[in-house]
Amino acid sequence: MFKKLLIANRGEIALRVIRACREMSITSVAVFSDVDRTALHVGKADEAYHVGPANASESYLNIEKIIATAKRCGAEAIHPGYGFLSENPKFARACEEAAIKFVGPKPSAMEIMGSKTRARQAAMAAGVPCVPGTARGLTLAEAEIEGAKIGFPVMIKAAAGGGGKGMRVVRTAAELPSAFETAGSEAQRAFGSGEVYLEKLIENPRHIEIQVLGDEHGNLVYLGERECSVQRRHQKVIEEAPSSFLDSEMRRRMGEVAVRAAKSAGYTNAGTVEFLVDSERNFYFLEMNTRLQVEHPVTEITTGVDLVHLQLRIASGEALPFQQHDIVMRGHAIECRIYAEDPDNNFFPSPGKITRLLQPSGPGVREDSGIYEGWTVPLDYDPMLAKLIVYASDRPSAIARMKRALNEYFIGGIQTNLGLFRRILDHPDFIAGRIDTGFLDRLLSAKENGAVPVNGLSEIAALSAALFSAAAPSGNHGSSNGVMPSKAKGAASSGWKRVARAEGLRNL
Amino acid sequence: MFKKLLIANRGEIALRVIRACREMSITSVAVFSDVDRTALHVGKADEAYHVGPANASESYLNIEKIIATAKRCGAEAIHPGYGFLSENPKFARACEEAAIKFVGPKPSAMEIMGSKTRARQAAMAAGVPCVPGTARGLTLAEAEIEGAKIGFPVMIKAAAGGGGKGMRVVRTAAELPSAFETAGSEAQRAFGSGEVYLEKLIENPRHIEIQVLGDEHGNLVYLGERECSVQRRHQKVIEEAPSSFLDSEMRRRMGEVAVRAAKSAGYTNAGTVEFLVDSERNFYFLEMNTRLQVEHPVTEITTGVDLVHLQLRIASGEALPFQQHDIVMRGHAIECRIYAEDPDNNFFPSPGKITRLLQPSGPGVREDSGIYEGWTVPLDYDPMLAKLIVYASDRPSAIARMKRALNEYFIGGIQTNLGLFRRILDHPDFIAGRIDTGFLDRLLSAKENGAVPVNGLSEIAALSAALFSAAAPSGNHGSSNGVMPSKAKGAASSGWKRVARAEGLRNL
Amino acid sequence: MIYEVTVAERTYKVELSREDASWQCKLDGKPFPAEIVLRSDGVYSILIEGKSYEATQEHTPLGNNIVVGRHRFTPTVRDPRSFRSLRRADSAAQGSKKITAPMPGKVVRILVAAGAQVEAGQGVLVVEAMKMQNELKSPKNGTITKLNVAEGSPVEAGQVLAEIE
Amino acid sequence: MIYEVTVAERTYKVELSREDASWQCKLDGKPFPAEIVLRSDGVYSILIEGKSYEATQEHTPLGNNIVVGRHRFTPTVRDPRSFRSLRRADSAAQGSKKITAPMPGKVVRILVAAGAQVEAGQGVLVVEAMKMQNELKSPKNGTITKLNVAEGSPVEAGQVLAEIE
């Protein structure tokens with residue numbers, strides 16, 4: 001096993017890997033940008049090195065700098081986490097050339113799965129069902145012929161794309177030319193390649209993905225599925241395992257197909273094969289993510305394996321400690337992604353200082369987070385703050401437990417999407433498991449079913465506001481035991497003043 | 001299911017039950033004594049009522065007051081937690097008479113298992129192996145005859161006893177009379193009954209217990225074992241599931257015996273049958289605890305069931321949702337009991353203000369606690385603050401994970417036994433699973449193997465002490481961003497002054 | 001002490017007085033049976049005829065909120081004695097409408113010039129934060145009377161970026 | 001600023017100076033390459049040639065401790081300028097020995113009278129806390145010169161209960 005590992009990432013996933021290192025007696029090395037000096041992963045790692053300015057392209061995406069840092073501190077391996085360099089074959093190559101083990105698949109496998117068209121070709125060659133469509137870039141003329149063949153509605157997608165950019169739904173042949181043009185130029189701007197292709201549009205599909213794990217001795221298994229249909233603009237918000245839509249037979253079939261797809265690319269380490277599933281339970285290969293997923297905990301909890309530990313064992317050359325038939329899913333797990341964004345205001349991001357933090361705990365609750373009370377969430381990186389994961393023996397109990405945990409969770413000072421989850425978890429369609437990738441957008445476009453009834457709570461709020469006002473100025477009363485918590489007091493008074501200033505009142 | 005439930009307890013177990021209520025949409029009712037008004041369970045419950053002064057006998061043990069409170073607020077059921085009234089048949093009867101459901105077994109079952117001698121008689125009648133000895137109270141004359149029969153060494157035990165009181169080891173016939181006399185009078189003082197009996201002394205036994213669960217329709221199952229041999233003065237400190245000492249065959253035999261013992265008493269709801277296991281793997285019935293155990297989480301995590309949820313379902317008349325063959329243990333769980341006591345100073349209890357609290361989280365970590373930063377731990381109740389439970393796929397990984405979690409755990413302002421656990425977890429005998437009820441006392445009596453090597457850390461400590469000193473007086477520097485955290489500052493300066501006063505320095 | 005507190009469109013008169021260690025309070029003149037304790041974690045634990053509430057205060061760049069259980073309130077507190085008033089900066093604006101930055105970030109594009117006519121919902125400028133570009137729209141039909149920022153300028157949460165008359 | 005800090009039986013001379021936003025420090029006269037940041041949760045994050053340390057302060061009734069990682073230290077800080085000194089109350093005692101209460105509680109029994117001869121390890125009084133009776137023993141052979149408490153009196157942590165000469 002490695003003695004020292006560098007984590008080329010930040011936030012909760014850096015903490016996740018640091019914890020695995022500590023549990024495996026590996027020295028963990030963090031890297032940080034100018035604005036992350038006070039980030040939690042810097043303090044929790046055994047070592048930490050500065051790799052550049054806030055701008056990720058000069059720090060967390062700076063291959064040369066990160067490799068140089070790994071060499072300097074003598075790290076034998078690098079875990080890329082997710083995002084940043086995790087799916088960049090150039091980085092994996094650079095590690096290879098520097099004789100540093102990249103914790104992930106070989107660059108060749110990343111290259112195949114990194115290109116939508118090549119991945120699709122590989123999948124089809126391996127007999128993996130794909131959405132009817134063209135596997136390669138097209139001219140408009142070709143697109144019009146293919147469109148007719150496939151039959152409308154169709155989807156235009158960018159070959160190099162992701163995250164919805166360069167995507168267009170085309171419902172009639174007439175719409176094709178303009179959609180083709182805009183999608184192409186959008187793709188050009190976003191990915192530097194205007195190459196687009198056509199796919200049959202699957203209406204209201206589910207997004208269900210299979211976790212695969214392969215060692216470097218030819219063993220490759222699947223670890224059940226994750227239901228990821230609750231998305232906002234192709235961004236996952238809630239994930240579950242198992243999917244209430246699958247039975248064991250379909251799970252087996254999808255799992256075996258996923259293993260075939262992975263094997264066709266010579267895949268090793270942890271990866272995820274994403275499928276679209278239509279209402280008739282047909283499933284189609286969507287893409288493969290060649291890294292650890294954000295939502296890996298729901299798989300860990302239901303299968304009882306530790307994916308990060310296994311990633312490191314595999315990377316250090318160990319064989320998988322189990323076979324397919326050893327994998328049993330138990331109970332139900334749900335994950336909520338906590339973002340610093342304001343669901344009540346166009347999901348505007350909300351960086352800033354976390355003035356108060358209460359984190360849930362107790363039975364069946366797991367929190368993976370990279371934040372602490374007093375930390376200022378920088379405005380330079382993506383807004384995910386933490387992941388709240390719950391486990392229970394069945395889905396209804398898991399939903400109830402998640403609501404309980406959300407009640408205990410409080411992040412003050414910035415806006416978060418914590419309130420949104422309750423709306424989702426209380427929605428009859430979610431409760432019934434009637435979810436597809438359009439579910440959340442429909443829920444959001446629907447009227448809030450009236451403000452939450454605050455039965456008598458406003459009286460309490462009014463009383464409390466008065467109490468805090470009374471306590472703020474002097475701070476020698478307002479407490480039953482004469483002790484005014486410096487935390488509440490300090491912040492309160494400043495809070496008052498700030499607002500007073502904002503209103504130009506000077507008579508304080 | 002009940003609409004409203006009263007919890008006749010405090011601390012982490014009150015929180016545990018409150019959380020279960022929230023998850024099951026039951027209104028939770030807390031009770032509190034004078035010194036617990038600011039305790040966490042009061043704020044987290046839906047309702048909370050004062051039941052008397054600090055002295056438990058006038059509050060948490062006050063049957064009339066608690067029943068009256070339940071009636072007044074309309075609670076349909078009472079969960080007694082553990083300790084306090086949880087094993088008191090009078091209380092269970094009083095609930096019955098008040099038409100309030102007591103969450104636990106029937107009073108009759110509690111009475112049988114509550115008396116060591118009656119429990120032993122019942123167990124033997126049910127063919128449950130017991131430690132050779134007398135099942136009833138004895139005169140000295142009888143004791144001398146029985147002692148000779150059983151063969152020395154023998155153990156004198158109080159019939160009404162527990163917690164080591166009224167217990168004496170007798171190695172020769174000559175020692176018997178004086179030991180008999182002191183044990184009897186000690187029992188008289190402790191339990192109001194001087195009745196004692198004899199048992200064969202099992203040398204260096206393991207303490208292994210079986211969790212049983214029965215509904216009110218005649219179904220009764222066992223949920224695997226818990227290894228509780230790491231004890232200090234008969235007080236459990238670390239518990240595990242499964243026990244590394246058992247194979248599935250022995251687990252099945254002990255489980256079936258436990259079920260027989262419970263059935264012989266007409267047992268319902270959650271209970272635990274405790275066994276002594278000798279080095280030849282013979283196991284002997286020790287006693288039955290007729291309540292939820294402190295260490296129930298390790299069973300929940302390895303079997304995937306929620307014992308408190310099931311307690312409430314059973315009490316409300318539901319049948320067990322599973323049968324014996326559905327119960328499968330997976331992975332390994334360990335629990336550490338965090339006490340407010342000072343292992344470096346005779347384990348003196350350490351109530352007082354918690355000035356800083358950092359709680360562990362992340363994969364495989366569960367914390368059940370009843371504390372918060374700023375809370376003053378009262379000196380009136382037992383010193384257990386929290387339970388730290390970890391899960392991993394096997395025992396070595398669970399031990400490593402527990403060490404990682406302990407590293408993240410910090411309770412400042414009072415003494416705790418957090419440091420002791422590392423000594424235990426690093427001990428070769430514990431790692432090898434070579435533990436018996438004498439293990440911890442041997443470890444404690446052994447010399448600390450030198451102070452923990454603090455390689456270079458003292459320089460860091462010296463530097464930090466200077467930094468905090470520099471920051472304390474003014475607080476307008478000492479921070480990289482000019483902001484001095486009110487928490488650190490407020491506390492620091494006061495800390496300085498206090499010490500200065502203690503030394504009669506006035507030139508501040 | 002007497003406070004006027006407006007919460008969820010309703011204004012309450014809250015009278016507070018301390019008798020030895022405990023708070024007495026009246027709501028709109030009537031005694032309010034609240035048994036109040038400030039925990040040293042800054043949370044008020046309030047018991048009202050047995051019902052238990054936890055109230056805490058949230059400090060944000062836009063002012064202070066009160067959180068009761070999981071419900072967030074944005075109260076306006078008026079202390080007649082000192083006329084000191086707690087009120088959200090944005091809610092203070094009467095008449096002319098302002099566009100304030102909902103989050104700290106950087107102005108990456110300005111879509112209309114000062115003096116220009118805009119319609120309600122029309123994009124006025126784009127602020128980037130956390131890798132996302134966020135278009136801020138005009139709250140009403142009118143004329144851009146003020147444009148307080150230029151492209152590239154960093155902005156604070158709550159900062160007034162533009163005003164529409 | 002110059003401090004004399006005694007930690008784990010060793011005394012260090014710590015010189016601190018601030019250059020713009022950052023701390024410079026010397027240890028026993030030699031430059032100490034520590035890159036120091038105070039996080040707003042009151043933790044100093046210290047990087048020394050890449051090694052990362054978190055140092056926090058623990059306030060106890062007996063004084064302040066420094067916690068580095070999971071290791072607890074009880075430093076004595078001496079500031080030559082002001083002669084302000086941080087030192088544990090109990091460690092301050094020289095010569096005559098004291099018995100201090102290790103925890104708040106109640107004196108339930110006094111086992112020897114003032115003026116009595118005691119041997120090292122002999123029980124002097126019993127303090128009850130958390131349902132446990134804790135016997136406090138004499139640290140040395142000698143005479144009980146002071147007995148500051150009576151049976152039934154409540155005691156604070158660190159309070160001197162008796163002195164032995």
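Just so we're clear, the structure is a prediction, and the values are computed from it rather than from any experiment. We use all heavy atoms of the structure for the numbers below, so side chains are in, but hydrogens, waters and symmetry mates are not. Chain naming here is simple, since letters A, B, ... match the order of the sequence lines and numbering starts at 1 in each.
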Residue from A:Gly412, A:Pro378, A:Gly352 scoring the most non-hydrogen pairs under 4.5 Å with chain C is A:Gly412
With respect to chain C, which residue among A:Pro383, A:Ala340, A:Gly419 yields the maximal number of heavy-atom pairs within a distance under 4.5 Å? A:Pro383
Restricting to pairs with a member in residues 49-66 of chain C, which pass salt bridge (charged side-chain N to carboxylate O under 4.0 Å, His left out), not counting sequence neighbours? B:Lys44-C:Glu54, B:Glu47-C:Lys51, C:Arg39-C:Glu54, C:Glu58-C:Arg72
Considering all heavy atoms, the nearest [X]-[Y] contact:
X: C:Tyr12; Y: A:Ala462; result: CD1-CB, 3.6 Å
X: A:Gly413; Y: C:Pro61; result: O-CD, 3.5 Å
X: A:Ala470; Y: C:Tyr3; result: CA-OH, 3.1 Å
X: A:Arg356; Y: C:Asp41; result: NH2-O, 2.8 Å

Quick one, C:Met132 and A:Leu379 - any side-chain contact, counting heavy atoms below 4.5 Å? no
Can you tell which part of [X] gets under 4.5 Å to a heavy atom of chain C, answering side chain, backbone, both or neither?
X: A:Asp380; value: backbone
X: A:Tyr381; value: backbone
X: A:Ile414; value: backbone
X: A:Ile354; value: neither

How long is the straight-line distance from [atom2] of [Y] back to [atom1] of [X], given to the nearest 0.5 Å?
X: C:Arg70; Y: A:Leu457; atom1: CZ; atom2: CG; value: 9.5 Å
X: C:Ile48; Y: A:Ile460; atom1: CD1; atom2: CD1; value: 3.0 Å
X: C:Leu16; Y: A:Leu467; atom1: CG; atom2: CG; value: 5.0 Å
X: C:Ile46; Y: A:Glu459; atom1: CD1; atom2: CD; value: 12.0 Å

So which of C:Val14, C:Thr11, C:Leu27, C:Asp28 has the biggest tally of heavy-atom pairs under 4.5 Å with chain A? C:Val14
So if I take each residue of residues 123-131 of chain C and look for any heavy atom under 4.5 Å from a heavy atom in chain A, which residues do I end up with?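 From residues 123-131 of chain C, the residues near chain A are C:Ala129, C:Met130, C:Lys131.
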Interface residues of residues 101-108 of chain C facing chain A - heavy atom cut-off under 4.5 Å: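 C:Pro102, C:Met103, C:Pro104, C:Gly105 fall under the 4.5 Å cut-off.
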What do the steps show when you test C:Val77 against A:Phe468 for side chain to side chain contact (heavy atoms under 4.5 Å, CB included), and what is the final call? CA-CA 10 Å; C:Val77 179; A:Phe468 280 108; over 6 Å; no
Contacting region of C:Thr56 [heavy-atom separation from chain A under 4.5 Å]: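 Looking at C:Thr56, backbone and side chain both touch chain A.
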Contact class of C:Glu135 relative to chain A, heavy atoms under 4.5 angstrom: backbone
Walk me through whether A:Leu463 and C:Phe32 qualify under side chain to side chain contact (heavy atoms under 4.5 Å, CB included). CA-CA 9 Å; A:Leu463 168 60; C:Phe32 193 59; 3.9 Å; yes
Taking it one step at a time, do C:Tyr53 and A:Ser464 satisfy side chain to side chain contact (heavy atoms under 4.5 Å, CB included)? CA-CA 10 Å; C:Tyr53 303 92; A:Ser464 310; over 6 Å; no
For A:Asp426, give me all partners under salt bridge (charged side-chain N to carboxylate O under 4.0 Å, His left out), at least two apart in sequence or on another chain. A:Lys403
Please answer whether the main-chain N or O of C:His59 pairs with a side-chain N or O of A:Thr355 as donor and acceptor at a distance below 3.5 Å.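 Pair found, side chain donor or acceptor close to backbone of C:His59.
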